[in-house]
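Worksheet: one structure, shown below.
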Amino acid sequence: MLLEAGADVNAPPAYQGGATAIQIAAIQGYLGIARKLLEVGANVNAARASFHGRTALEGAAENGRIDMLHLLLGGGTLIEGRGRRQYIRAVKLAETNGHNAAAKLLKSYSCWTELDSLQYDQEYIETDSDVEGSAHEIDEATTDEEMGEEMDEEMDETGEITTDEEIQEMMDEFLVEGWSHRLPR
C-alpha cells in the first residue's frame, strides 16, 4: 500500500542508530520482506547510520543470518572496491558475536588478503557499552521481541512470510515505522 503511494524504499537511516528498511529486514532476519524490498529497488548497499549503524550485510552477519547473507551477497552487495570495508566489518561482527559459520561464508565469497587482516585488526565496531546513557536508549520499550511479535503472528512454521498479501502488510508496517526507527541492540 505505501509502496503504491510512492513511499521511498531508499530513504536514509536516522543519523544515530537508524536503519533503512532493507537494513532492518536484514538485521531482524525477515527474508520475505528483504526479497520484496530488493524486488522493488531497495539499495542493498545503502550507507549505515553515522553512529551505531549497520549496513544490511553487517547486520545480517552480526546476527548470524546465513540465509540473509546468501540473499544479500547474491543481490548485489558490494564486497570489493568501495564495498570492501563493509565486507571486513561484516566478517568481524560475525566472529565477534560467535557466528563463525557466517564469517566463513563471507570469506568464501572473496579472497581474504593480508590487507584485509590488517584492516580487520584496525576496525572499530560500536557496541552497546559505547552508548550507555546516550540517545541510543531512547526507546527502551521496543525490544527485539516486541518488534517481531506482530510479524511472528503472520509467519508460518518455517519462519517465512507465506503470501504476497502478508509481505505487503509487513512492508507497509516497515515503511511507516522503519525509516527513523532506532534498532535495539
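Because the structure is predicted, anything quoted here is derived from the model rather than measured.
A distance-only check finds a donor-acceptor pair linking the side chain of Thr77 to the backbone of Leu72 [under 3.5 Å]. With hydrogens and angles disregarded, no donor-acceptor distance shorter than 3.5 Å links the side chain of Asn10 to the backbone of Ala46. Judged by distance alone, with hydrogens and angles left aside, the side-chain atoms of Arg89 form a donor-acceptor pair with the main-chain N or O of Tyr124 at under 3.5 Å. A donor-acceptor distance shorter than 3.5 angstrom exists from the side chain of Gln86 to the backbone of Leu78, with no hydrogens or angles considered. Proximity of a side-chain donor or acceptor of Asn97 to a complementary backbone N or O of His99 within less than 3.5 Å is not detected.
Note: Ile22 CD1 to Lys36 NZ = 12.5 Å, rounded to the nearest 0.5 Å. Taking CG from Leu105 and CG from Asp67, the interatomic distance works out to 10.5 Å, rounded to the nearest 0.5 Å. Taking CD1 of Ile66 as the reference point, atom NE2 of His70 lies at 6.5 Å (rounded to 0.5 Å). Annotation: the span from Leu73 atom CG to Leu106 atom CG amounts to 6.0 Å, rounded to 0.5 Å. Atoms CD and OG1, from Gln119 and Thr113 in turn, are 9.0 Å apart once rounded to the nearest 0.5 Å.
Between Met68 and the options Asn63, Ile27, Leu31, a side chain to side chain contact (heavy atoms under 4.5 Å, CB included) holds for only Leu31.
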**Q.** CA sep, side-chain torsions, deciding dist, call: Leu93, Arg54, side chain to side chain contact (heavy atoms under 4.5 Å, CB included)
**A.** CA-CA 10 Å; Leu93 282 160; Arg54 301 286 188 261; 3.7 Å; yes
Q: With side chain to side chain contact (heavy atoms under 4.5 Å, CB included) as the test, would you mind laying out the steps for Ile125 and Thr96 before giving the verdict?
A: CA-CA 10 Å; Ile125 305 289; Thr96 300; 5.7 Å; no
Q: Starting from the C-alpha separation in whole Å, work towards a yes-or-no answer on side chain to side chain contact (heavy atoms under 4.5 Å, CB included) for Val44 and Leu37.
A: CA-CA 9 Å; Val44 72; Leu37 286 166; over 6 Å; no
**Q.** Worked check of side chain to side chain contact (heavy atoms under 4.5 Å, CB included) between Leu57 and Asn45
**A.** CA-CA 8 Å; Leu57 186 70; Asn45 293 300; over 6 Å; no
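Residues Ala49 and Gly17 share a closest heavy-atom pair of CB-N, 3.8 Å. Closest of all the heavy-atom pairs between Ala102 and Ala61 is CB-O, 4.4 Å. Across every non-hydrogen atom of Ile24 and Ala19, the tightest pair is CG1-CB, 3.6 Å.
Every residue two or more places apart in sequence or in another chain that forms a side-chain contact (heavy atoms from CB on, under 4.5 Å) with Glu80 is listed here: Arg84, Ser110. For Arg85, the salt bridge (charged side-chain N to carboxylate O under 4.0 Å, His left out) test picks out Glu123, with sequence neighbours left out.
The aromatic rings of Trp112 and Tyr120 lie perpendicular to each other, with more than 60° between the two planes, well past the 30° mark.
Ion pair Lys92/Glu62 not flagged as a salt bridge, since none of the NZ, NE, NH1 or NH2 atoms sits closer than 4.0 Å to an Asp/Glu carboxylate oxygen. A salt bridge is absent between Arg65 and Glu58; no separation between the charged side-chain nitrogens and carboxylate oxygens falls under 4.0 Å. Salt bridge annotation for Glu95-Lys107: present, with a cationic side-chain nitrogen under 4.0 angstrom from a carboxylate oxygen.
Leu115 belongs to a hydrophobic cluster with Leu118, counting contacts under 4.5 Å between side-chain heavy atoms of Ile, Leu, Val, Met, Phe, Trp and Tyr, direct or through other members.
Considering only heavy atoms from C-beta on, Arg48 stays 4.5 Å or farther from Pro13 through its side chain.
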